[in-house]
Amino acid sequence: MNNASHLAFKEIWRNKGRFLLFSLVIALITVLILFVAALGEGLGAGNREYLEKLDGELIVFQATARLSIPSSRLERDRLPQLRNIEGVQDVGPVGFSAAAIPLGGRSDLFDVSLIGVEPGLPGMPPVVDGQPLIRRTTDEVLIDSTVALVTDAKVGDWLLFRSIQGSDEEFYRLRVVGITDSQKYSIRPSVFVPYVTWARIRPQALVGSGLNDLSSHIMVVKLVDPAEIDVVRQRIEARVSNVQAVDRRTAYENTPGYREQQSTLQTQNGFALLIGLLVIGGFFQIQTLQKVGQIGMLKAIGTPEVLIASALLIQIAIINAVGVGLGGLASLGLSFVFPANVPIIFEPRSAAMAVGSILVMGPLGGLVSIRYSLGIEPLTALGLSS
Amino acid sequence: MQTALEAQALIKTYTSGGRTVNAVDDISFGLANGEFLALVGPSGSGKTTLLAILAGLLTPDSGTVSIAGEVLSQMSERRRASFRRQRIGFAFQANNLVPYLSALENVELMLRLNGKRDRDGRRRARELLTRLGLEDRLNALPRQLSGGQQQRVAIARSLIHKPALVLADEPTASLDTERAFQVVETLADLVHEEGRAAIMVTHDLRMIKVCDRVVQLMDGKITQVLETQEDLACLANPADCTKIPMNVFGAGQEMAAAE
Ligand SMILES: Nc1ncnc2c1ncn2[C@@H]1O[C@H](COP(=O)(O)OP(=O)(O)O)[C@@H](O)[C@H]1O
Ligand SMILES: [Mg+2]
């Protein structure tokens with residue numbers, strides 16, 4: 001073992017309590033950072049999942065709606081207009097609203113996004129179990145994996161849906177024909193019904209009035225060649241009046257609150273990292289200040305500066321790594337006991353980035369103390385200064 | 001006897017707040033291998049400053065120091081650090097030991113730094129500590145040792161790597177006279193046996209007995225050198241000693257400690 005790690009390990013070993021305590025502080029910061037990242041991922045996914053996974057490259061809005069899904073309205077006649085544009089393979093209308101599934105008693109309601117899609121057209125998600133929607137007017141429904149989990153419904157089961165129409169609650173029984181992967185929209189898990197069924201059961205002013213208006217919120221355009229996205233987008237906006245076409249990412253980034261939410265969480269993440277940086281920097285700086293005499297003595301007896309600096313760096317790296325490891329394990333453990341409806345997703349990439357940033361931050365925080373220790377004069381061992 | 005240390009015309013002046021202090025004022029002397037020199041003088045007379053210059057920790061305004069034939073001022077900062085760890089042994093007044101290393105590890109640290117912690121070195125470290133009466137305290141941490149035991153560990157560390165010169169700045173300042181004397185006596189024995197040169201700053205009259213030469217400083221200058229057996233014997237019993245002026249150790253306060 002080289003001299004730097006000898007000194008670093010001996011000091012840690014003979015002050016286990018203090019260093020462990022500090023590792024626990026780093027572990028807590030790690031848990032905080034991981035959970036903020038997971039919450040960002042969870043809330044972000046809850047908003048964008050359906051839009052992000054759509055089987056079309058362009059999302060068409062009413063131009064005057066300025067990319068707001070709830071205020072966008074596209075009449076049925078846009079469907080053939082869009083379909084006739086060169087480079088467009090297929091187009092599907094999509095409507096969004098909310099419904100609830102009574103669980104057990106009628107008072108225990110499980111909120112879902114009720115999404116209307118045309119069977120076989122872009123906008124309908126692929127199923128992982130059962131059959132896709134095939135007929136245009138039926139009492140059939142696709143549910144996403146979260147709905148399946150919460151309601152315990154299987155393919156072939158009937159599910160009751162509640163929707164407000166006028167001032168009354170109406171209940172509809174729909175048969176589950178297929179289950180999709182997670183398809184959250186507006187932070188709720190989703191169910192998919194044929195467009196006409198959607199028009200009938202979505203919340204509306206009077207029972208049945210929705211069937212008179214088959215306009216949709218958006219239309220999903222699938223391209224012949226995805227590489228042509230920009231050309232076709234311009235073509236659509238030029239040839240169809242009052243529409244705006246954007247890619248999926250622009251579409252979900254403009255869902256209400258999405259950007260604000262993500263930037264809030266990023267700021268929190270940044271602050272947590274900054275706190276970590278200051279805490280680690282502060283801890284090692286205080287420790288170095290307490291060791292001025294000892295470091296001066298080591299230098300006086302001829303210990304190379306690089307050895308003193310590397311011992312400190314090794315220590316910081318170890319304490320930090322132990323803290324991050326403990327924090328990672330704790331987060332993993334906590335993620336299992338968190339209820340499924342809490343929007344927390346430990347996505348490997350963002351979790352790795354969070355962990356990586358703390359691992360880098362440790363030594364960064366320690367730089368101040370390393371610099372300080374390099375400045376300590378060996379003369380202090382004799383009680384002198386130059 | 002071969003020369004271990006040669007100090008020539010050393011001058012060091014401090015300036016602080018417009019006031020200049022001639023801390024070391026034209027000091028020259030030599031030291032042979034196997035010689036144990038005591039540096040005495042009142043507080044502020046320049047003892048520590050002189051020691052720092054001899055150790056290569058402080059650059060004098062003028063003058064040269066050579067240890068075992070090598071001139072300190074001709075070395076780079078890094079070379080001086082490696083020279084210190086190879087050729088000089090240190091025992092300080094305080095903060096001597098690394099608090100998280102055991103007695104044995106503290107002594108062996110000097111060997112590690114020099115890449116010499118081999119079987120033979122480890123055996124000698126144990127022997128030295130045993131010689132200093134610490135055979136049952138080898139694995140004790142500094143905080144588990146008494147002040148005297150800590151200073152003995154420091155003395156073992158100052159000798160383990162067979163340095164040309166041992167420098168000790170009031171190594172016994174925090175000990176009672178009885179214990180201090182035992183520590184210094186062992187140091188002197190080891191220095192004599194192994195033929196190393198040593199300089200010890202002390203305030204304590206009784207330590208003089210085991211030294212070969214006493215150099216007294218006053219305001220940065222050497223004012224007395226005592227080296228005959230007669231002088232030294234006389235010093236050990238200052239009340240009856242008429243030949244030596246009472247100011248050898250400075251003011252009355254320090255004399256009181258010796259009485
Ligand atoms: N860094 C410094 N700046 C200014 N004066 C100093 C400094 N270090 C020491 N001195 C002065 O130099 C003189 C000698 O100090 P020192 O070598 O510590 O003496 P001693 O060890 O004999 O007590 C004293 O007058 C002290 O005040
Ligand atoms: Mg002094």
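Lettering follows sequence order; numbering is per chain, from 1. Since we're looking at a predicted model, the values are computed, not measured. Computation of the quantities below employed the complete heavy-atom set of this structure, encompassing side-chain atoms and omitting hydrogens, waters and symmetry-equivalent molecules.
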At under 4.5 Å between heavy atoms, what parts of residues 154-172 of chain B are in contact with chain A? List them by residue number.
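Checking residues 154-172 of chain B against chain A gives R157(B), D169(B).
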Proximal to chain A - members of residues 49-62 of chain B, heavy-atom separation under 4.5 Å
T49(B), L51(B), A52(B), L57(B), L58(B)
Might you point out which heavy atoms bring [X] and [Y] nearest each other, and give the distance in Å?
{"X": "P304(A)", "Y": "L113(B)", "value": "CD-CD2, 4.5 Å"}
{"X": "A300(A)", "Y": "F92(B)", "value": "CB-CZ, 3.7 Å"}
{"X": "Y100(B)", "Y": "L7(A)", "value": "CE1-O, 3.5 Å"}
{"X": "L97(B)", "Y": "M297(A)", "value": "C-CE, 3.8 Å"}

Non-hydrogen atoms of chain A under 4.5 Å away: do they reach the side chain of [X], the backbone, both or neither?
{"X": "N114(B)", "value": "neither"}
{"X": "F83(B)", "value": "neither"}
{"X": "I88(B)", "value": "neither"}

Proximity breakdown for I12(A) and chain B, heavy-atom pairs closer than 4.5 Å
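Contact with chain B involves no heavy atom of I12(A) at all.
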Could you tell me which portion of I301(A) (side chain, backbone, both or neither) has an atom closer than 4.5 angstrom to a non-hydrogen atom of chain B?
both
Within-4.5 Å side-chain heavy-atom neighbours: R85(B) and T303(A)
no
Would you mind telling me which of S16(B), A94(B), P99(B), S82(B) has the largest number of heavy-atom pairs within less than 4.5 Å of chain A?
P99(B)
Pair N95(B)-V292(A), side-chain contact (heavy atoms from CB on, under 4.5 Å): steps then yes or no
CA-CA 10 Å; N95(B) 273 325; V292(A) 167; over 6 Å; no
Taking atom NE2 of H6(A) and atom CG of L101(B), what is their separation to the nearest 0.5 Å?
5.0 Å
Rounded at 0.5 Å granularity, tell me how far CZ in R14(A) sits from CD in E105(B).
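If I round to the nearest 0.5 Å, the distance is 4.5 Å.
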Is a side-chain donor or acceptor of R84(B) paired with a backbone partner of K299(A) at a separation under 3.5 angstrom?
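Checking the backbone N and O of K299(A) against the side chain of R84(B), a donor-acceptor pair under 3.5 Å is found.
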Please determine whether the number of non-hydrogen atoms from other residues, nucleotides or ligands lying under 6.0 Å from atom [atom1] of [X] exceeds 12.
{"X": "R371(A)", "atom1": "CZ", "value": "no"}
{"X": "E260(A)", "atom1": "CD", "value": "yes"}
{"X": "R126(B)", "atom1": "CZ", "value": "no"}
{"X": "D219(B)", "atom1": "CG", "value": "no"}
{"X": "R349(A)", "atom1": "CZ", "value": "no"}
{"X": "M75(B)", "atom1": "CE", "value": "yes"}

Which of residues 269-284 of chain A have a heavy atom under 4.5 Å from any heavy atom of chain B?
none
Return the set of residues passing salt bridge (Lys or Arg N to Asp or Glu O under 4.0 Å) with R18(A) (not counting sequence neighbours), or none when no residue passes.
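Once residues adjacent in sequence are excluded, R18(A) has no partner under the salt bridge (Lys or Arg N to Asp or Glu O under 4.0 Å) criterion.
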